[in-house]
Amino acid sequence: TRTTRPQRLLKAVQDRAIRGNPKSVISVIDHYCRNQEWAMNVGDEKGFILDSVVSELNPQTVLELGTYCGYSAVRIGRLLHSGARLLTLEFNPDYAAVAREVISWAGLENTVQLVEGASGDWIPRLREHFGIHTFDFIFLDHWKEGYLADIKLLEECRLLRKGTVLLADNVVCPGAPDYLEYVRKSPLYDSRYFKSHLEYTKAEDGLEKSVYLG
Ligand SMILES: O=C(NC/C=C/[C@H]1O[C@@H](n2cnc3c(NCCO)ncnc32)[C@H](O)[C@@H]1O)c1cc(-c2ccc(F)cc2)cc(O)c1O
Ligand SMILES: [Mg+2]
């Protein structure tokens, strides 16, 4: 049977990227998705904004919702200092299998931990299961209609603290209108929109950065 898009993306990484070199994994994926086959990675343009938010914050505990092929997990993981950890949740086993290989090819298996399952099931169990107290940084890039429910669940589970930064992909395209309205209206958040473009295209998209005020 035909290979899947994530499997073809993984093959490009294994054929063209330097093992243990996250930068080369990122550039191989961006080149492949721009020139051969589009895929829903955050990409290089929005990725540059993601890099600057992470570098400025220098987080110790990071949560990512929606691993897909692991592109943003590698992007974030490569910037984390020793001892810092990224937990990334993915409920599609085929995508999870590809992402584990991509993360391992980048040499980030000791920094990035992929947890298989749905965010709604895992968020309430992160404290007891992984000894997490609160997260410093959260990257939302899973189903757009799930963003709002999941940050409300994170609030409920007290996994946010004063200063926790949430960064949400695709708030324009495909869009997450209910999430945007919530973080922009709620007194619990200080929210700001970073205008950019949909990965590998000229269409508008952007990232919403929301600081939890606690
Ligand atoms: O739809 C997009 N992303 C979804 C990602 C889903 C990944 O996350 C996993 N996932 C989903 N929900 C959960 C969940 N929890 C369940 C929900 O709470 N718990 C755990 N894992 C979950 C999936 O298995 C996938 O691996 C998108 C589209 C475009 C796009 C733009 C324009 C176009 F024309 C076409 C496409 C651009 C983008 O950057 C995009 O991110
Ligand atoms: Mg996205």
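Residue numbers start at 1 and run along the sequence shown. Both counts, for ligands and for their atoms, begin at 1 and track the order of listing.
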Original post:
Do Trp38 and ligand 1 have an N or O pair less than 3.5 Å apart?
Top reply: no
Original post:
Can you find an N or O of Asn41 that's nearer than 3.5 Å to an N or O of ligand 1?
Top reply: no
**OP:** Please confirm whether Glu145 comes under 4.0 Å of ligand 1, counting heavy atoms of the residue only.
**Re:** no
Counting heavy atoms only, which part of [X] comes closer than 4.0 Å to ligand 1: side chain, backbone, both or neither?
X      : result
Leu198 : side chain
Asn170 : side chain
Val42  : neither
Trp143 : both

I'd like to check which ligand 1 atoms, numbered from 1 as shown, lie under 4.0 Å from a non-hydrogen atom of [X].
X      : value
Gly66  : 8 (O)
Tyr68  : 26 (O)
Asp150 : 18 (O)
Glu199 : 37 (C), 38 (C), 39 (O)
Asp169 : 39 (O)
Tyr95  : 24 (O), 25 (C), 26 (O)

Original post:
Under 4.0 Å from atom 34 (F) of ligand 1, do we find at least one protein heavy atom?
Top reply: no
Subject >> Verify atom 40 (C) of ligand 1: protein non-hydrogen atom under 4.0 angstrom away >> reply: yes
Is there a side-chain contact between [X] and [Y], using heavy atoms and a 4.5 Å cut-off?
X      : Y      : result
Leu10  : Cys69  : no
Trp38  : Glu199 : yes
Tyr179 : Leu140 : yes
Ile151 : Tyr189 : yes
Val54  : Phe139 : no

Where the closest heavy atom to [atom] is concerned, which of [options] has it?
atom                    : options                        : answer
atom 29 (C) of ligand 1 : Gly146, Ala203, Pro174, Gly117 : Pro174
atom 12 (N) of ligand 1 : Trp122, Phe91, Tyr200          : Phe91
atom 5 (C) of ligand 1  : Asp94, Asp141, Leu89           : Asp141

Subject >> Apex the Mg ion (ligand 2); atoms Asn170 OD1 and Asp141 OD1; angle rounded to 10 degrees >> reply: 90°
Original post:
Got a salt bridge between Arg100 and Glu116, using NZ or NE/NH1/NH2 to carboxylate O under 4.0 Å?
Top reply: yes
Would you find more than 12 non-hydrogen atoms of other residues, nucleotides or ligands less than 6.0 Å from [X] atom [atom1]?
X      : atom1 : answer
Arg192 : CZ    : no
Phe48  : CZ    : no
Glu56  : CD    : no

Original post:
So, Tyr68 and the Mg ion (ligand 2): N/O/S under 2.8 Å, yes or no?
Top reply: no
Original post:
Is it true that some N/O/S atom of Asp169, main chain or side chain, lies under 2.8 Å from the Mg ion (ligand 2)?
Top reply: yes
Subject >> Chi angles and distances behind the salt bridge (charged side-chain N to carboxylate O under 4.0 Å, His left out) call for Asp141, Lys144 >> reply: CA-CA 7 Å; Asp141 195 17; Lys144 311 313 156 191; 3.1 Å; yes
**OP:** Would you please indicate yes or no on a ring centroid separation below 6.0 angstrom for His142 and Tyr68?
**Re:** no
Which residue and non-hydrogen atom of the protein lie closest to [atom], and at what distance in Å?
atom                    : answer
atom 17 (C) of ligand 1 : His142 CD2, 3.9 Å
atom 23 (C) of ligand 1 : Glu90 OE2, 3.5 Å
atom 15 (N) of ligand 1 : Ser119 OG, 2.9 Å

Subject >> Test applied, side-chain hydrogen bond (donor to acceptor under 3.5 Å, both in side chains); reference residue, Ser191; option that passes from Lys209, Arg184, Lys185, Glu208 >> reply: Glu208
Subject >> Asp30/Tyr71 under side chain to side chain donor-acceptor pair (under 3.5 Å): CA gap, chis, key distance, verdict >> reply: CA-CA 9 Å; Asp30 284 330; Tyr71 174 89; 2.7 Å; yes
Original post:
Among Val25, Ile29, Ile26, which residue meets the side chain to side chain contact (heavy atoms under 4.5 Å, CB included) test with Arg75?
Top reply: Ile26
